[in-house]
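Note that this is a predicted model, so its numbers are computed, not measured.
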Number of protein chains: 2
Amino acid sequence: MTVRPTMKDVARQAGVSPMTVSRVVNREPGVLPGTAARVHRAIRTLGYQRDDVARQLRRKGQLTQTVGILLDNVADPFMASLASAVEDVARQQGSVVLIGSSRDDPVREREVVSAFTSRRIDGLILIPVAGSHRFLRNAVATGTRVVCADRSASGLKTDAVVVDNRGSANRAIAHLVAHGHRRIAYLGDRLDIRTIEERYAGYLTALEAAGIPADPAIVRHGLRQAPDAAAAVAAMLAGPDPPTAVLASNGIVGLGVRAALPGGTALVSFDDFLLAAQLDPPVTVIAQDPEAMGSTAAHLLFARIHGDASPPRTVVLPTRLVARGSGEIPGPYWDGAH
Amino acid sequence: MTVRPTMKDVARQAGVSPMTVSRVVNREPGVLPGTAARVHRAIRTLGYQRDDVARQLRRKGQLTQTVGILLDNVADPFMASLASAVEDVARQQGSVVLIGSSRDDPVREREVVSAFTSRRIDGLILIPVAGSHRFLRNAVATGTRVVCADRSASGLKTDAVVVDNRGSANRAIAHLVAHGHRRIAYLGDRLDIRTIEERYAGYLTALEAAGIPADPAIVRHGLRQAPDAAAAVAAMLAGPDPPTAVLASNGIVGLGVRAALPGGTALVSFDDFLLAAQLDPPVTVIAQDPEAMGSTAAHLLFARIHGDASPPRTVVLPTRLVARGSGEIPGPYWDGAH
DNA sequence: ACTCCTGTCGACATCGTTGTCAGCTTGGTA
DNA sequence: TACCAAGCTGACAACGATGTCGACAGGAGT
């Protein structure tokens with residue numbers, strides 16, 4: 001294993017100064033073609049590659065062409081699509097992407113953010129976990145741009161790209177009510193996640209608007225995995241006065257519910273998922289567009305990096321209620337109007 | 001937006017030398033508690049954070065605590081799980097992860113590798129695209145460790161973590177034959193992808209072993225998207241002498257085939273996918289374990305980074321044939337033995 | 001009183017690259 | 001011939017951190 005050659009090595013080999021090598025490597029004008037050719041030959045001979053660590057240090061105030069993305073879990077399909085879109089935009093912009101998973105752990109989130117900023121990232125796409133993000137103020141103050149995706153951060157004013165969770169939940173409940181349901185269960189992930197809280201709030205207000213009293217017996221929070229959700233819905237159905245319809249707060253919960261739900265019970269789930277259309281009955285979902293979210297967030301980020309200093313913006317992306325069947329199963333109050 | 005404070009700033013604030021600040025920041029012994037306290041106070045006051053770019057430059061030959069992972073596409077669930085496992089291991093090792101998608105494009109692959117190595121990554125987890133990877137020799141020679149996952153790289157000897165694709169395809173075909181099929185179609189992704197080629201080879205040898213002649217009319221390559229696969233299988237079924245069973249080379253193709261396949265035709269697909277068990281009929285798959293693959297590759301990589309200089313190893317992970325129903329649909333030659 | 005040691009701290013040089021500026025050559029013009 | 005402009009190249013310093021080594025103080029031992 002040889003040591004990595006430096007510009008000095010190339011310079012010696014080509015019989016020029018390191019500065020000239022630098023100029024050639026960076027395609028700066030004002031180098032004689034012959035000189036450049038000698039340098040290129042030396043570069044090939046030695047297998048030289050510019051050291052961007054040194055470069056970034058020297059070019060202070062310049063960009064490192066590195067952005068970070070910090071999300072719950074790369075393995076989550078929603079997050080993965082989002083990350084993929086971010087990476088695409090970053091590449092177009094000539095930047096590389098540092099990725100990290102917070103796994104819903106604020107401590108881990110801080111650690112990863114710190115590891116990122118100590119490497120001088122130009123910007124960060126953040127899917128914040130619950131809790132305050134005031135600790136990011138320092139980073140923001142010293143030039144790290146931050147754009148939140150999916151949820152916004154508390155204690156920090158940043159750009160954000162989100163969907164109207166409350167309105168979407170509202171629409172889902174209205175949809176179920178219109179199909180004759182009045183006993184509608186809610187099964188959800190942890191309530192301290194901002195988006196989940198908003199969805200639950202939408203559930204409650206929609207019930208109220210429909211004149212249906214909320215019943216804690218058919219509400220469950222804190223479901224992290226599909227099996228948990230399956231067990232929860234099974235318990236509910238076994239209880240007295242079971243629900244005739246279910247709203248699932250996100251895709252994981254929706255999957256779990258689906259597996260345990262008898263055919264006659266209606267289901268609307270947040271988040272589209274692969275094969276949702278091929279199940280029987282096909283699952284009605286509130287679909288988000290993670291790629292649009294990722295690329296929007298990334299474009300916002302790079303606009304900031306390139307100097308956009310306008311006040312922080314929140315972009316609200318639309319959701320689609322995709323009626324596939326499971327959400328249109330008629331309930332006991334169905335009036336045949338649909 | 002303030003400028004980022006440096007050790008010099010902290011030193012001035014605390015009335016010590018930068019060297020002492022360095023010692024405090026890096027928790028080196030030999031600093032009086034009182035002095036350390038003053039430094040800590042100054043750090044908090046100024047919001048100082050160590051600049052790892054400068055640190056990495058100075059500590060030449062030391063690690064940058066950064067590894068790269070380069071895969072086809074982050075949005076692919078298989079790759080996403082793999083990446084997630086890699087990130088977990090990296091975090092345990094105190095490293096951050098640079099991620100990049102090659103999108104099956106050798107040019108893009110080279111560009112991303114170059115962007116990574118110019119940042120002095122300690123190591124790279126690579127899911128190689130088709131074509132030669134001799135261009136990595138330079139990087140390997142100057143200290144970047146490379147571990148391939150899912151497929152091995154040609155023109156370069158590295159550690160690799162793979163599955164026995166040929167044997168697995170063999171087993172799948174034997175399974176179908178045992179259930180009375182002799183007219184078995186193959187639908188596959190691009191043949192120049194190493195794993196796909198191996199699976200196809202396994203298909204052919206298994207047919208031969210069973211004394212079944214291969215028929216190009218029921219073989220299709222180059223299917224990139226689910227709809228392509230659906231169209232291909234539909235065309236096959238509409239032709240003369242349609243297949244009674246299908247082998248799909250990977251999850252994407254399997255999904256497409258499933259959507260277009262009538263109930264009576266058997267299907268075995270490579271790659272497990274979410275909900276495969278909840279379809280009707282449930283899909284029989286050859287399941288791999290992407291997390292095991294990712295974490296094995298990552299552990300290999302860090303062993304190399306920490307000095308393991310033994311000859312390159314190839315780890316072959318097992319696959320599981322998960323019989324769920326679609327692969328056990330009896331064919332015309334079924335003898336009732338199963 | 002002298003040496004020797006231990007513990008604490010700072011000065012200096014250096015990592016690889018690049019911004020700045022000065023020096024050199026060449027050719028053209030008065 | 002003298003002079004200047006333009007084009008090409010190199011010397012030097014600096015980015016922020018840290019490895020090395022030396023300075024200095026205070027205490028122990030003779």
Residue B:Thr6, side-chain atoms from C-beta onward, closest of D:dC15, C:dT17, D:dA17 = D:dA17

ask   = How many Å lie between CZ on B:Arg59 and P on D:dC15, as a whole number?
value = 22 Å

ask   = How is A:Asn26 classified with respect to the nucleic acid when contacts are heavy atoms under 4.0 Å: base, sugar-phosphate, or nothing?
value = sugar-phosphate

ask   = Taking atom types as modelled, is there a side-chain donor on B:Arg119 or A:Thr66 under 3.5 Å from an acceptor on the other?
value = yes

inquiry  = How many whole angstroms separate atom CG of A:Asp51 from atom C1' of D:dC15?
reply    = 13 Å

ask   = Taking the nucleotide of DNA chain C with the closest heavy atom to each, which residue, A:Ser22 or B:Arg58, is nearer the 5' end?
value = B:Arg58

ask   = Distance from B:Leu126 atom CG to B:Thr144 atom OG1, nearest 0.5 Å?
value = 12.0 Å

task = Give one of base, sugar-phosphate or nothing for A:Arg23, where a contact means two heavy atoms less than 4.0 Å apart.
result = base

Interatomic distance, B:Glu28 CD vs C:dG10 P [rounded to whole Å] = 14 Å

note = Atom CG of B:Asp9 and atom C1' of D:dG16 are separated, to the nearest Å, by 10 Å

task = Mind checking B:Val16 for me? I need base, sugar-phosphate or nothing, with any heavy atom below 4.0 Å counting as a touch.
result = sugar-phosphate

ask   = Over how many whole Å does the gap from B:Gln56 atom CD to C:dT14 atom C1' extend?
value = 17 Å

query = So, does A:Gln13 use its side chain to make a donor-acceptor pair with the main chain of A:Leu46 at under 3.5 Å?
reply = no

task = Please determine, for the side chain of B:Ala54, which listed nucleotide (C:dC15, C:dT18, D:dA17) has the closest atom?
result = D:dA17

request  = Using a cut-off of strictly less than 4.0 Å, decide whether B:Lys60 has a side-chain nitrogen or oxygen near OP1 or OP2 of C:dT14.
outcome  = no

ask   = Tell me: CG of A:Asp52 to P of D:dC15, nearest whole Å?
value = 20 Å

query = Just checking B:Leu32: base, sugar-phosphate only, or nothing, at a heavy-atom cut-off of under 4.0 Å?
reply = sugar-phosphate

query = Distance only, no hydrogens: is a donor on one side chain within 3.5 Å (strictly under) of an acceptor on the other, for B:Asn73 and B:Ser101?
reply = no

task = Would you mind classifying the nucleic acid contact of B:Val53 as base, sugar-phosphate or nothing, using non-hydrogen atoms under 4.0 angstrom?
result = nothing

query = Which of these nucleotides, C:dG16, C:dT18, C:dA11, is closest to any side-chain atom of A:Pro18?
reply = C:dT18

ask   = Side chains of A:Lys8 and A:Pro18: closer than 4.5 Å at any heavy-atom pair?
value = yes

remark   = Testing D:dA17, C:dG16, C:dG10 for proximity to the side chain of B:Met19, the answer is C:dG10

request  = Ignoring backbone atoms, establish whether B:Thr20 has a side-chain N or O less than 4.0 Å from OP1 or OP2 of C:dG10.
outcome  = yes

message = I want to verify a distance call: between D:dT18, D:dG10, C:dC15, whose nearest atom is closest to the B:Met7 side chain?
response = D:dT18

ask   = A:Arg55 has an atom CZ; how far is it from atom P of D:dG16, in whole Å?
value = 17 Å

inquiry  = Once you apply a heavy-atom cut-off of 4.0 Å, does B:Val31 come out as touching a base, just sugar-phosphate, or nothing?
reply    = sugar-phosphate

query = Hey, does A:Gln56 have a side-chain heavy atom less than 4.5 Å from the side chain of A:Gln65?
reply = no

query = Think B:Lys8 has a side-chain N or O under 4.0 angstrom from the OP1 or OP2 of D:dG16?
reply = no

